[in-house]
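As structure tokens, the structure follows; a few thoughts come after it.
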Amino acid sequence: MTLSGVPVQSAGLLLFVLTASANAAELKYEIKPQQVVPYRVKITTKTPSSEETMTGLIAFTGKDAGEKQFTVTYVGHLSQSTRTQSRGSRGRAGFPGPPMPSFFGRGVSFGGLSRTTNTVVVGEHGNILSLTGQSQLPWLLGNLSLMPFEALPKTGQTEWQVGSGISVTEEEESPFFGGPFRGNTRTKVGGKESAEYKIVKDEGTLVTIQKTYHLTSPAAGKDDEATEINGTGTFVFNTELNCSESLEMKQTLVISKEGSNISVPMTIAWHRIPQEEWEAEETKRNDMIAKAQQENAERQAKADAAAKEAEGKKLDPKKKEEIMRDLNAKHWPDVASRLRSLKRFVPHPDDFDVALRIKELQTHNVLSVYKEARDLWIKLDPIVEAGRKEAAMTKSDGDNPFATPDEKLAADAQAMREWSDATGSFKVEAAFVKFDGDNIVLKRKDGKELNVPINRLSEADQKVAATLKKNAPTKTENPFE
């Protein structure tokens, strides 16, 4: 077996084809309309400090079929779990290893870890013609929705190789094979990527192919990491269904920075499952979702009923203390959380101080707090205003939480209080009755009225008298009295 000697340039990739026997099986992808091809996926990644496992089901449903290409709808996701193995990570010679970059699995939201739907147009040899949506995985594993489409030879070879120089920017992707840059967008880097395939067993329906994968990507700058990936595994193609059957791959990602490195071994495995198994899992999932939705609806109904029952009722003192503590917290997420919990709050007049605190929070410098408080106060304002007017009409000013300080002082003076003279030597428990010229009339507990010159009262009591006089209703003289 020899090299053809002629490299073929295709879609930015340099494709080398090795000759083979004339009777080698021709491998082509074809998923027909309405055909469902589901897979079970498991990926394990080991860092120096943890072991991460991603598992789940994905499925491809044929949508359209054309000449040498077809369109599928992808749906699925992987669930992620992490088991800590040891604290910290050490690199070569005992020095701390380089930190994990964000696009390797930290600080990034990955579509492949939540249920998504993509539309993929695939060529008959596994080349991706277009992808709508994304399902990216951490650790430079690429899009989950592209994983089962390995490169196939364009003729009936038993050995083939694909490779390219890599220059990946935010606008460009490696379009062909399932390496770590496939479907990822990154800051511009350079490097080389290649994969070698060799058919090692042909059982007619199932063709077993050995795969070897290499990637090198130097650091873009002195503060960046260099990466290298090497892996080997077995890929099985189903010639009856014209789709991938399974893959088992072991590879190691080496991250290097400033003379130290971290090795991250990975195992990647997926296999096709019967459509009935996928449908049973989907039914189970849908049943769980329906049950959860029903339970949420029941909880919501109970919460609504409880909120309706509590409308306008006085808060439990302990509950009110908790609410006011949160509304006055320095940690703004606590304030915002409490505001959200008060969306059904209809205050009792004794709890208008809670409502007024919400009003004050409209000046908060955190936007989310301000918006929550504003939306709440729009609802509470008319309730508080109506309550204020009612309280003013039905309560004495001393008990009215909306009375002015002067009104409260006047109300207190009309109740029994201690009055004293300017020397402080004489004191009496009495209630204000009226003014008589420059005198104030007070009534003692025994009912006896005292007529006291205002200027003989203590300074504090003279201020009380002045406030009473200022707030006294104007009396029009009746000529018929």
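Index from 1, following the sequence.
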Of all heavy-atom pairs between [X] and [Y], which one has the smallest distance, and what is that distance?
| X | Y | answer |
| --- | --- | --- |
| Ile273 | Glu277 | CB-OE1, 3.7 Å |
| Val254 | Ser263 | CG2-OG, 4.0 Å |
| Thr44 | Lys42 | OG1-CE, 4.0 Å |
| Phe60 | Ser145 | CE2-O, 3.1 Å |
| Arg338 | Leu327 | CG-CD2, 3.7 Å |
| Val72 | Gly62 | CG1-CA, 4.2 Å |

How many angstroms lie between [atom1] in [X] and [atom2] in [Y], if you round to the nearest 0.5 Å?
| X | Y | atom1 | atom2 | answer |
| --- | --- | --- | --- | --- |
| Arg272 | Leu247 | CZ | CG | 15.0 Å |
| Lys154 | Lys68 | NZ | NZ | 9.0 Å |
| His77 | Thr116 | NE2 | OG1 | 9.0 Å |
| Ile43 | Thr267 | CD1 | OG1 | 8.5 Å |
| Met54 | Met266 | CE | CE | 8.5 Å |
| Leu141 | Leu253 | CG | CG | 9.0 Å |

Under 4.5 Å between any side-chain heavy atoms of [X] and [Y], yes or no?
| X | Y | result |
| --- | --- | --- |
| His348 | Leu315 | no |
| Leu78 | Leu144 | yes |
| Phe149 | Asn127 | no |
| Ile199 | Glu159 | no |
| Asn242 | Ile31 | no |
| Pro148 | Val41 | no |
| Ile268 | Met147 | yes |
| Asn118 | Leu131 | yes |

Checklist line | Stepwise side chain to side chain contact (heavy atoms under 4.5 Å, CB included) check, Ile229 with Thr252 | finding: CA-CA 6 Å; Ile229 300 176; Thr252 301; over 6 Å; no
Checklist line | Those residues that, when tested against Lys320, pass salt bridge (charged side-chain N to carboxylate O under 4.0 Å, His left out) (two or more places apart) | finding: Asp351, Asp353
Under 3.5 Å: donor-acceptor pair, side chain of [X], backbone of [Y]:
| X | Y | answer |
| --- | --- | --- |
| Glu203 | Thr205 | no |
| Thr283 | Glu279 | yes |
| Thr47 | Ser49 | yes |

Next item on the list: Output, in order, the C-alpha distance, side-chain angles, deciding distance and verdict of salt bridge (Lys or Arg N to Asp or Glu O under 4.0 Å) for Glu282 and Arg115.
Entry: CA-CA 12 Å; Glu282 284 291 279; Arg115 191 173 175 91; 2.8 Å; yes
Check: With the threshold set at 4.0 Å, does a side-chain nitrogen-carboxylate oxygen contact exist between Lys28 and Glu30?
Finding: no
Regarding [X] and [Y], do their side chains bring together a donor and an acceptor under 3.5 Å, going by distance alone?
| X | Y | result |
| --- | --- | --- |
| Thr132 | Thr119 | no |
| Glu52 | Gln80 | yes |
| Tyr197 | Gln157 | no |
| Asn261 | Ser256 | no |
| Glu193 | Tyr213 | yes |
| His214 | Glu196 | yes |
| Asn143 | Ser135 | yes |

Checklist line | Non-neighbouring partners of Trp270 that pass ring-ring contact (aromatic ring centres under 6.0 Å, His included), sequence neighbours left out | finding: Tyr39
Next item on the list: Name all residues meeting the ring-ring contact (aromatic ring centres under 6.0 Å, His included) criterion together with Phe237; count only those two or more places apart in sequence or in a different chain, and write none if there are none.
Entry: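 With neighbours one apart ignored, the set is Tyr29.
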Check: Of all residues at least two apart in sequence or in a different chain, which pass the side chain to side chain contact (heavy atoms under 4.5 Å, CB included) check with Glu360?
Finding: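 Partners of Glu360 under the side chain to side chain contact (heavy atoms under 4.5 Å, CB included) test: Arg357.
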Next item on the list: Determine, stepwise, if the pair Asn238 / Leu206 fulfils side chain to side chain contact (heavy atoms under 4.5 Å, CB included).
Entry: CA-CA 5 Å; Asn238 189 315; Leu206 298 179; 3.9 Å; yes
Next item on the list: Verify salt bridge (Lys or Arg N to Asp or Glu O under 4.0 Å) between Arg40 and Glu281, making sure each step is shown before the conclusion.
Entry: CA-CA 11 Å; Arg40 188 176 296 277; Glu281 290 285 350; 3.8 Å; yes
Checklist line | Evaluation steps, side chain to side chain contact (heavy atoms under 4.5 Å, CB included), between Lys211 and Thr232 | finding: CA-CA 6 Å; Lys211 176 185 176 182; Thr232 58; over 6 Å; no
Is the number of heavy atoms from other residues, nucleotides or ligands within 6.0 Å of [atom1] ([X]) greater than 12?
| X | atom1 | result |
| --- | --- | --- |
| Glu322 | CD | yes |
| Gln69 | CD | yes |
| Glu295 | CD | yes |

Item checked: Test log, rule side chain to side chain contact (heavy atoms under 4.5 Å, CB included), inputs Val200 and Ile209 -> CA-CA 6 Å; Val200 294; Ile209 302 163; over 6 Å; no
Please set out all donor-acceptor pairs under 3.5 angstrom arising from side-chain atoms of residues 368-384, sequence neighbours excluded.
residue	atom	partner	partner atom	Å
Lys379	NZ	Lys343	O	2.5
Lys379	NZ	Phe345	O	3.2

Under 3.5 Å, sequence neighbours excluded: what are the donor-acceptor pairs made by side chains of residues 298-307?
residue	atom	partner	partner atom	Å
Glu298	OE2	Gln294	NE2	3.4
Arg299	NH2	Asn296	OD1	2.1
Gln300	NE2	Asp304	OD1	3.1
Asp304	OD1	Arg344	NE	2.8
Asp304	OD1	Arg344	NH2	2.9

